[in-house]
Amino acid sequence: MSLEQKRTPVNVFTGFLGSGKTTVILSLLKHLPKDYKICIVKNEFGDVKVDSELARNSNVTGVQEMLNGCMCCVLVGQMKNAILELRDQYNPDRIVIETSGSAFPATIAWQIRELKDEQIYLDSIVTVIDCVNFRGYEDTSPTAAMQAKYTDLILMNKHETVSERDYDTVLDHVYDLNPDTPKIKTFEEGRVGCSVPPDLVFGLDSKLFELTEKHLLATPEESRHHHDNEVDIIQVFGPRQPSPTLTHDSLHTFLTSLPKDDFYRVKGMLRLPSVPSDVCEPSPINTYILNYAFGRWEFTPLENEPLEGGHQDVRLTAMLARGSARLGSWADKLGAVFGGEAKGVHVHKHY
């Protein structure tokens with residue numbers, strides 16, 4: 001079959017900040033044949049290409065990251081260009097899109113639908129639910145509720161870390177939002193992995209968000225809320241050499257002190273002298289990816305120097321609940337702890 005005739009499926013993964021989308025996707029890829037070519041379009045807050053570094057150690061064929069904006073509003077149009085570039089450069093078997101935590105899936109789906117003449121089609125929209133924290137942000141983030149309502153499949157993630165009673169409560173909340181869509185538990189895989197069989201998420205041929213339904217799918221109230229601020233952002237940049245006071249123990253102490261109700265995510269790359277072997281494997285270049293979400297975190301060691309930004313090795317993006325009363329002081333603390341400079345406070349807003 002020629003490139004012009006080949007149809008390329010696109011699968012969209014949504015879910016609020018810290019739900020585990022990246023981990024689910026990368027774990028999912030391990031179950032695909034080695035010759036299966038898959039490309040990823042990743043949308044993230046800030047300008048730190050963290051997930052490109054993770055993808056370098058996986059069997060991903062190509063990655064496009066869309067930074068400093070949300071692909072459902074600020075970056076509308078760029079996503080289509082990213083899809084076509086990956087298709088033309090790699091001729092992949094499939095393209096996976098990982099949205100930002102506050103992306104409304106309808107706008108993304110419509111952009112994919114508009115590529116029908118390019119032989120690109122929407123295969124599925126999959127929403128990842130964080131069973132630990134979903135009840136905490138369900139009421140404060142209208143987008144999180146919309147992600148659960150408009151989807152082909154719901155993955156219940158981190159269920160193994162909550163009690164059976166708490167899981168049933170979360171499940172009841174999700175059923176209230178969406179009684180009809182299948183809800184599947186992810187399964188544990190490895191030290192920090194969580195996954196789902198590819199056959200469950202691929203080949204669904206989604207019927208959601210047809211272009212003819214564009215005027216019907218978002219109620220005025222949902223549209224109004226989606227244009228509200230979802231998160232406040234602090235970006236921290238640091239020097240090439242690590243701060244002498246930044247160690248695993250000092251970082252552990254600081255991360256433990258962060259209030260879960262205020263801090264949704266802290267994500268980025270940093271240098272550490274060492275990390276205990278029971279936390280993760282050592283990095284030969286002492287460079288790690290920190291992934292913090294709602295009071296839990298993990299380190300991923302890097303084996304190669306990051307592709308970009310070698311002059312700024314402490315690079316993190318912190319995402320806080322909108323309107324945090326201590327936003328300015330937290331920016332100062334983050335800069336001090338990571339031996340860098342808080343580049344400013346950014347507010348993410350849908351326009």
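All heavy atoms count here, side chains included; hydrogens, waters and symmetry mates do not. Residue indices begin at 1 and follow the sequence shown.
- To the nearest 0.5 Å, atoms CG (Asp232) and CE (Met319) are separated by 12.0 Å.
- With Phe254 as the aromatic partner, Lys333 does not meet the cation-pi criteria of under 6.0 angstrom to the ring centre and within 45 degrees of the ring axis.
- Side chain of Thr181 to backbone of Leu153: no donor-acceptor contact under 3.5 angstrom is found.
- The CD1 atom of Ile95 lies 11.5 Å from the OH atom of Tyr121; values are rounded to the nearest 0.5 Å.
- At a threshold of 4.0 Å, the pair Lys80-Glu118 does not count as salt-bridged, since none of the basic side-chain nitrogens sits closer than that to a carboxylate oxygen.
- Between Leu255 and Leu290 there is a side-chain heavy-atom pair separated by less than 4.5 Å.
- Here the side chain of Lys6 pairs no donor or acceptor atom with the backbone of Gln119 at under 3.5 angstrom.
- To the nearest 0.5 Å, atom CG of residue Asp180 and atom CD1 of residue Ile154 are 10.0 Å apart.
- Proximity of Asp130 to Asn157: side-chain heavy atoms (C-beta onward) are nowhere separated by under 4.5 Å.
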Point to revise | Verdict with supporting geometry, Val126 and Leu155, side-chain contact (heavy atoms from CB on, under 4.5 Å) | key: CA-CA 7 Å; Val126 179; Leu155 299 183; 3.7 Å; yes
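- Applying the side chain to side chain donor-acceptor pair (under 3.5 Å) test to Asp205 and every residue at least two apart in sequence or in another chain returns Lys207.
- Between Val162 and Phe134 the shortest side-chain heavy-atom distance does not fall below 4.5 Å.
- With values rounded to the nearest 0.5 angstrom, Gln64 atom CD is found 12.0 Å from Met79 atom CE.
- Residues Phe13 and Val96 are in side-chain contact: their nearest non-hydrogen atoms beyond the backbone lie under 4.5 Å apart.
- Asp123 places a side-chain N or O within 3.5 Å of a backbone atom of Leu204 that can act as its donor or acceptor partner.
- Looking only at side-chain heavy atoms (C-beta outward), Trp330 and Pro259 come within less than 4.5 Å of each other.
- Ring geometry for His248 against Phe299 counts as tilted: the plane angle lies between 30° and 60°, on a 0 to 90° scale.
- For Ser206, the side chain to side chain donor-acceptor pair (under 3.5 Å) partners two or more places apart in sequence, or in a different chain, are Asp152.
- Qualifying salt bridge (Lys or Arg N to Asp or Glu O under 4.0 Å) partners for Lys21, counting only residues two or more places apart in sequence or in other chains: none.
- Residue Thr317 forms a side-chain contact (heavy atoms from CB on, under 4.5 Å) with just one option from Val236, Val266, Ile233, and that option is Ile233.
- Proximity of a side-chain donor or acceptor of Glu281 to a complementary backbone N or O of Pro301 within less than 3.5 Å is not detected.
- With a 4.5 Å cut-off on side-chain heavy atoms, Gln111 and Ile83 do not count as touching.
- One finds the CZ atom of Arg87 at 11.5 Å from the SG atom of Cys39 (value rounded to the nearest 0.5 Å).
- The closest donor-acceptor contact from the side chain of Ser283 to the backbone of Leu302 lies under 3.5 Å.
- The shortest side-chain heavy-atom distance between Thr143 and Phe16 does not fall under the 4.5 Å cut-off.
- Taking OG1 of Thr300 as the start and CG of Asn291 as the end, the distance is 7.0 Å to the nearest 0.5 Å.
- A donor-acceptor pair under 3.5 Å links the side-chain atoms of Lys37 to the main chain of Tyr90, judged by distance alone.
- The side-chain heavy atoms of Asn133 and Tyr264, taken from C-beta on, include no pair separated by under 4.5 Å.
- The only member of Val24, Val132, Val128 that meets side-chain contact (heavy atoms from CB on, under 4.5 Å) when paired with Ser19 is Val128.
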